[in-house]
Protein chains: 2
Amino acid sequence: MSKPFASVWLREPRKATSPGRSREEIVNAAVELLDEEGLNGLSMRKLGAKLSAGATSLYWYVANKDELLELAYDEVWGEMTISEPEVVGWRDAASTQAYSMRQAMLRHPWSADLLGRMPALGPNAIQVADRMRRMFKLAGFDGMDIDYAVGTLTAYVYGMTVPEIVWNAALSEHEYDPDEMRKLVATAVRDFPGMLERMNTDIYQDPQAVRAVAFDFGLVSVLDGLERRLVT
Amino acid sequence: MSKPFASVWLREPRKATSPGRSREEIVNAAVELLDEEGLNGLSMRKLGAKLSAGATSLYWYVANKDELLELAYDEVWGEMTISEPEVVGWRDAASTQAYSMRQAMLRHPWSADLLGRMPALGPNAIQVADRMRRMFKLAGFDGMDIDYAVGTLTAYVYGMTVPEIVWNAALSEHEYDPDEMRKLVATAVRDFPGMLERMNTDIYQDPQAVRAVAFDFGLVSVLDGLERRLVT
DNA sequence: ACCTGAACACCGTTCAAGT
DNA sequence: ACCTGAACACCGTTCAAGT
């Protein structure tokens, strides 16, 4: 109840000394393990083994597993790029940013899980937020509206990408067969005739392509909606 | 790799017989436990104890813990209401739907975590999707655009609400002191002068109010953006 | 048909002890 | 300063056995 707000980012890190392992090395190994085996694949013992160390030696560099995940999580944010809004204009920069967020998350599916578990307070996450603020400021937003715009765009990308990742994960556990999937979904949806309309589309033939179109549709809508805030 | 796509919703449930426990009873108890103690507070042993049963007797009703969570998750979707779009118009109905999604998730913070972990395939989730489709159809969307519109609105609400829940959870672990929080954030943000602008606003005095305004701002933007798809 | 307890293979984390 | 192994208190799940 009254213990202080805890996050790796609010503590000074142990200074890196030359010999032995480093926090950076550990985080890199953790990201690798997470990419290969998912969130459940990462245990302190496995990570220790990967570094040919005792499982508990990691606790010298990191207070606990959650801190380690915070550090790994921020690496994902570090992969998000943005073009300079000053040269390409804010709408282009916003689109680039949105696509790059989506791609970074898709590359590291475990980030979808962490997103719902811990706040993004790392330096990379903050840098992304800072860039987006500058972008929307340049667009003409003012005061708190800048933050609201950042929040809206970020929320859209999150909300679109997380279910995509979850869906990918569910599918990757077995061979994907469009017809079989169509039948399964038809079963789930049997009581809602309106939902059956979608059955005959090509969603199940090429889900990736459909999701890309869907992402575009929503992105354009969100950007149009934000642009509208500027003129009124 | 080649095991079939697994989800509670694609199996026939064991038919409820009169004596003994029921699946419904178990799910209710699970939701209660989740509300009280969060996702980590739910273990099969604890849930068993709550029902004064052996931990492993639950496996008669449910294949594993993930299935149980799927069932609990769908209960959250069951709490989302929508006004009839035919009487209030699609924009009003969409707003109501968005607020009610947000509220349902806020009432069950563990849903933020599940969202990034398993697809929502339960009957309640499907019913919500069906209602939203009808709503956007009435608005004038056509073909796949109906689904894209549903996806966009849903994504926005997710993406906005999940970080809100995560933030609430991080804060609820200690007494909230606006000034202390301001200082902590100032530390995290120290290298980004642009971010410091926000320091002097009232975000930290009344975060709840600010988040409500932020949600509105984005919701109006998203709906405006969707509306724009209709005229062009 | 339903429920049980023992057992297995895991966890994260603490801590005294080593170098 | 760094690393170790043993130990603790948990997990989810299986399964033979009970009623």
Side-chain angles (χ1 to χ4, degrees), chain A residues 3 6-8 11-27 29-30 33-34 36-73 110 113-114 117-118 169 173, chain B residues 3 6-8 11-27 29-30 33-34 36-73 110 113-114 117-118 169 173:
Chain A
K3 67 179 166 181
S7 168
V8 221
R11 299 194 299 110
E12 288 303 317
R14 230 174 255 284
K15 60 187 167 304
T17 49
S18 38
R21 279 164 271 277
S22 69
R23 175 181 272 200
E24 198 192 352
E25 200 184 340
I26 290 171
V27 173
L33 200 51
L34 287 164
E36 287 163 9
E37 308 198 25
L39 197 54
N40 289 336
L42 176 72
S43 75
M44 299 305 266
R45 287 172 225 259
K46 268 201 215 168
L47 183 57
K50 191 181 170 96
L51 293 161
S52 18
T56 58
S57 56
L58 305 173
Y59 284 87
W60 178 257
Y61 298 94
V62 131
N64 51 43
K65 193 186 179 185
D66 265 11
E67 270 203 12
L68 179 62
L69 290 174
E70 269 192 286
L71 292 161
Y73 184 24
W110 42 274
D113 214 327
L114 293 186
R117 188 178 307 201
M118 50 184 55
E173 276 160 21
Chain B
K3 66 178 165 179
S7 168
V8 220
R11 298 194 298 110
E12 289 302 318
R14 226 176 258 285
K15 59 188 171 301
T17 50
S18 37
R21 278 164 272 277
S22 69
R23 176 180 269 200
E24 197 193 351
E25 198 186 343
I26 291 170
V27 173
L33 200 51
L34 286 164
E36 286 163 9
E37 308 198 24
L39 198 55
N40 290 336
L42 177 72
S43 76
M44 298 305 265
R45 287 173 225 260
K46 266 200 217 169
L47 183 57
K50 192 183 170 94
L51 294 161
S52 18
T56 57
S57 56
L58 306 172
Y59 284 86
W60 178 257
Y61 298 94
V62 131
N64 52 40
K65 192 185 180 182
D66 265 10
E67 270 203 13
L68 179 62
L69 289 174
E70 271 191 285
L71 293 161
Y73 184 24
W110 43 274
D113 215 327
L114 294 186
R117 186 177 309 198
M118 51 184 54
E173 276 161 19

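The structure displayed is predicted, hence computed values, not measured ones. Letters go in sequence order (proteins before strands), and every chain restarts at 1.
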- Note on the structure: The reported gap from CG in A:L39 to CG in A:L33 (rounded to nearest 0.5 angstrom) is 10.5 Å
- Note on the structure: Each base of DNA chain D marked ( ) or [ ] if paired in-strand (Watson-Crick or G-U under 3.5 Å), | if paired to another strand and . if unpaired gives ||.|||||...|||||.||
- Of all heavy-atom pairs linking A:L69 and A:L114, the shortest is O-CD1, 3.9 Å
- Message: With a cut-off of less than 4.0 Å, is there a side-chain N or O of A:W60 near OP1 or OP2 of D:dC2?
- Response: yes
- Per-nt protein contacts along nucleotides 12-19 of chain C (heavy atom under 4.0 Å; B base, S backbone sugar-phosphate only, - none) come out as BBB-----
- Task: Check whether any side-chain heavy atom of B:V8 lies under 4.5 Å from a side-chain heavy atom of B:M118, and answer yes or no.
- Result: no
- Spacing between A:N40 atom CG and D:dC11 atom P, to the nearest angstrom: 16 Å
- Message: Under a 3.5 Å distance rule, please check whether B:R21 uses its side chain to pair with a backbone N or O of B:A53 as donor and acceptor.
- Response: no
- State whether A:R21 places a side-chain N or O below 4.0 Å from either non-bridging phosphate oxygen (OP1 or OP2) of D:dC3. yes
- Query: Taking only N and O in the side chain of A:S57, is any of them less than 4.0 Å away from OP1 or OP2 of D:dT4?
  - Reply: yes
- Residues pairing under salt bridge (Lys or Arg N to Asp or Glu O under 4.0 Å) where one sits in residues 57-72 of chain B, two or more places apart or in two chains, turn out to be B:R11-B:E67
- Rounded to whole Å, NZ of B:K46 lies from P of D:dA9 at a distance of 16 Å
- Nearest-Å distance for atom pair CZ/P, residues B:R23 and C:dC2: 13 Å
- Item | A:Y73 OH to A:L34 CG distance, which is reported to the nearest 0.5 Å | 13.0 Å
- Please report, rounded to the nearest Å, how far the P atom of C:dC11 is from the CG atom of A:L47. 12 Å
- Side-chain contact, heavy-atom cut-off 4.5 Å: B:V62 with B:L71? yes
Could you list the donor-acceptor pairs under 3.5 angstrom formed by side chains in residues 41-50 of chain A, with sequence neighbours left out?
unit_1: A:S43; atom_1: OG; unit_2: A:K46; atom_2: N; d: 3.1
unit_1: A:K46; atom_1: NZ; unit_2: A:E37; atom_2: OE1; d: 2.9
unit_1: A:K46; atom_1: NZ; unit_2: A:G41; atom_2: O; d: 3.3
unit_1: A:K50; atom_1: NZ; unit_2: A:E32; atom_2: OE1; d: 3.1

